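Only a predicted model underlies this, so the values are computations on that prediction, with no experimental measurement involved.
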Amino acid sequence: MNKDYFFCGVGGSGMLPLAMIVQAQGNRIAGSDRALDQGRTPDKFDWLRAHGVALHPQDGSGVTRPDQIVVATGAVEDTVPDIGAAKRVGAEIKTRPQLLSELFNAAPTSIGVAGTSGKSTITGMAAWILDQAGRQPTVVNGAVMKNFADADHPFASALVGGPDLFVAEVDESDGSIARYDPTVAVVSNISLDHKSMEELRDLFGGFVARATTAVLNLDNPETAALAQTLPTGKAVTFALGEEEADLSAHDLNPLPTGMSFELRVRGEAPRPVVLNVPGAHNVANALAALGAVKALGVSVDDAVAALTTFAGIRRRLEVVGAQNGVTVIDDFAHNPDKIAATLKTLHAFDGRLLILFQPHGFGPLKLMRAEFIEGFAGLMREHDVLLMPEPVYYGGTTDRSVGSEDIAAGVRAEGRQAEALATRADCGDRIVEIAQPGDRVVVMGARDDSLSSFAAELLARF
């Protein structure tokens with residue numbers, strides 16, 4: 001029976017793919033978005049309208065009937081007009097994790113990809129391998145998968161496949177990972193991000209316990225410890241240069257546009273692999289994806305062949321372009337682990353880095369203040385420059401006691417160059433002022449779709 005769904009924040013990276021899959025199942029879709037009201041990312045909303053999504057202002061006017069199902073992000077607050085309207089008319093309210101986990105758990109076979117870093121890339125790699133193997137996966141990712149993006153699907157963070165196999169990026173930051181019952185549970189790494197380590201150990205431990213097979217990273221102390229707790233045969237392990245792992249990568253060699261390495265799978269002859277995405281962290285992501293699809297019976301040779309044509313994930317070390325000797329790179333890095341992976345990858349090649357880092361909230365900045373300072377100061381080189389606007393802030397009661405200047409001051413105290421400026425535009429002006437041929441400008445941050453537009457506009461100024 002067709003149902004009416006109303007997505008609050010329908011243009012968001014988590015909501016849009018879910019809306020497309022629910023629509024593909026024959027349901028009617030409507031929604032609202034604060035970005036639409038503010039005139040941001042108009043192309044995305046034009047695309048949604050063209051694909052049959054009815055758009056409304058985020059003022060509650062789109063929610064009028066008790067037979068609508070209103071889908072909200074993790075926080076269901078009466079202060080959001082659509083939620084208030086839903087309660088007044090008696091409409092059912094579901095959170096995004098609630099709806100996604102219901103769809104995920106309904107599939108006979110599923111891969112849930114979790115971990116602090118690498119989730120979107122591993123999900124995209126597994127999706128591409130399974131698609132190329134003819135398995136018709138349905139996929140929900142938190143970012144655009146370039147292999148599936150075309151003129152008609154510019155926001156390909158979802159893949160509408162068959163009902164039998166569901167692949168999803170699973171989030172621990174809001175605790176919703178506890179809702180998923182995967183056939184294969186992938187955990188890339190566990191490190192401090194949104195919750196305490198005790199909470200994270202409980203959440204990931206439960207996620208892995210509910211799976212038939214767990215794919216775990218021996219290079220991360222937390223996931224390696226998790227592997228030790230599992231019965232024999234349940235864990236598929238991976239690592240860089242670690243002979244004890246079921247899948248391991250050796251002789252890693254950075255290429256201008258990717259990586260080459262030797263893949264060793266326990267009990268099989270070594271294979272050469274070339275990836276078209278850069279960085280040792282992407283080799284680890286590839287091992288995780290290979291472990292996941294192998295658990296579902298895809299041959300390693302077929303999986304490796306697909307991986308060589310994996311085009312990457314949007315905003316993951318994505319080169320926007322180069323002009324007058326300056327290269328601009330758009331990147332999603334927003335926590336210490338992701339920032340470290342980006343800086344290490346970029347420093348495999350020569351050239352000064354001008355880093356614009358827009359923090360994705362005051363909360364994470366306060367929680368990980370020491371880790372941010374240590375990460376930037378430890379991995380920046382002498383001539384690199386960090387520029388930070390104030391964190392993304394959409395209103396509310398957030399503790400704003402730690403700001404960007406606190407991080408910049410800490411980095412300067414460690415002998416590296418860092419500046420905090422009032423706005424992103426000010427940071428852009430400063431970058432244009434100091435940039436020289438040979439520099440690479442990295443625009444880093446999450447929770448703000450306009451960063452990509454900003455990166456493109458910055459490139460045009462060189």
Side-chain angles (χ1 to χ4, degrees), residues 13-14 111-129 139-147 157 167-173 177 180 182 184-194 200 203-204 207-208 214-224 226-227 236-242 245 247-249 252 258-259 261 263 273 275-295 303 307 310-318 331-346 360 371 375 444 446:
S13 60
I111 299 176
V113 181
T116 310
S117 304
K119 293 188 288 287
S120 298
T121 300
I122 296 167
T123 302
M125 286 175 165
W128 183 238
I129 294 167
V139 184
V140 173
N141 205 337
V144 173
M145 300 173 282
K146 291 185 181 180
N147 286 99
S157 46
V167 182
E169 177 180 334
V170 172
D171 193 7
E172 82 290 343
S173 67
I177 187 173
Y180 295 83
V184 179
V186 179
V187 184
S188 58
N189 45 49
I190 304 172
S191 62
L192 193 65
D193 193 353
H194 295 274
L200 291 172
L203 287 168
F204 284 112
F207 176 65
V208 163
V215 180
L216 300 171
N217 179 8
L218 292 186
D219 290 330
N220 177 261
E222 291 289 338
T223 43
L226 195 52
V236 173
T237 58
F238 66 92
L240 303 181
E242 175 58 71
L247 298 99
S248 57
L252 275 65
M259 294 290 287
F261 65 96
L263 170 66
V273 180
L275 294 178
N276 284 307
V277 286
H281 63 292
N282 275 322
V283 175
N285 291 337
L287 295 177
L290 287 167
V293 299
K294 187 172 182 288
L307 271 181
F310 175 69
I313 300 291
R314 195 152 296 158
R315 295 210 67 231
R316 303 305 190 273
L317 279 168
E318 184 173 19
D331 192 59
F332 183 71
H334 60 281
N335 65 32
D337 271 9
K338 291 182 171 77
I339 290 166
T342 292
L343 295 181
K344 286 175 186 173
T345 300
L346 293 173
H360 65 296
E371 289 84 359
M444 283 183 181

Q: With sequence neighbours excluded, what pairs up with N220 under the side-chain hydrogen bond (donor to acceptor under 3.5 Å, both in side chains) test?
A: T223
Q: Return the set of residues passing side-chain contact (heavy atoms from CB on, under 4.5 Å) with A446 (not counting sequence neighbours), or none when no residue passes.
A: F332, H334, H360
Q: Considering residues at least two apart in sequence or located in another chain, which fulfil the ring-ring contact (aromatic ring centres under 6.0 Å, His included) criterion with F261?
A: none
Q: Checking K294 now: which residues fulfil salt bridge (charged side-chain N to carboxylate O under 4.0 Å, His left out) with it, not counting sequence neighbours?
A: none
Q: A341: what forms a side-chain contact (heavy atoms from CB on, under 4.5 Å) with it, not counting sequence neighbours?
A: H281
Q: Apply side-chain hydrogen bond (donor to acceptor under 3.5 Å, both in side chains) to N147 and list each qualifying residue two or more places apart in sequence or on a separate chain.
A: none
Q: Could you work out, with side-chain contact (heavy atoms from CB on, under 4.5 Å) as the rule, every residue matching L203, not counting sequence neighbours?
A: I177, A178, K195
Q: Just by distance, with hydrogens left out, do S120 and E169 show a side-chain donor and acceptor under 3.5 Å apart?
A: yes
Q: Identify the heavy atoms of K146 and E318 that sit nearest to each other, and give their distance.
A: CE-OE2, 3.4 Å
Q: Could you state the interatomic distance from CG (N189) to NZ (K119), rounded to the nearest 0.5 Å?
A: 8.0 Å
Q: The criterion is side-chain hydrogen bond (donor to acceptor under 3.5 Å, both in side chains); which residues satisfy it with T237, sequence neighbours excluded?
A: D246
Q: Output all residues satisfying salt bridge (charged side-chain N to carboxylate O under 4.0 Å, His left out) with E222, sequence neighbours left out; order by chain, then residue number.
A: R201
Q: Can you name the salt bridge (charged side-chain N to carboxylate O under 4.0 Å, His left out) partners of R316, sequence neighbours left out?
A: none
Q: With sequence neighbours excluded, what pairs up with D331 under the side-chain hydrogen bond (donor to acceptor under 3.5 Å, both in side chains) test?
A: T342
Q: CG/L307 to CD1/I129 distance, rounded to the nearest 0.5 angstrom?
A: 4.0 Å
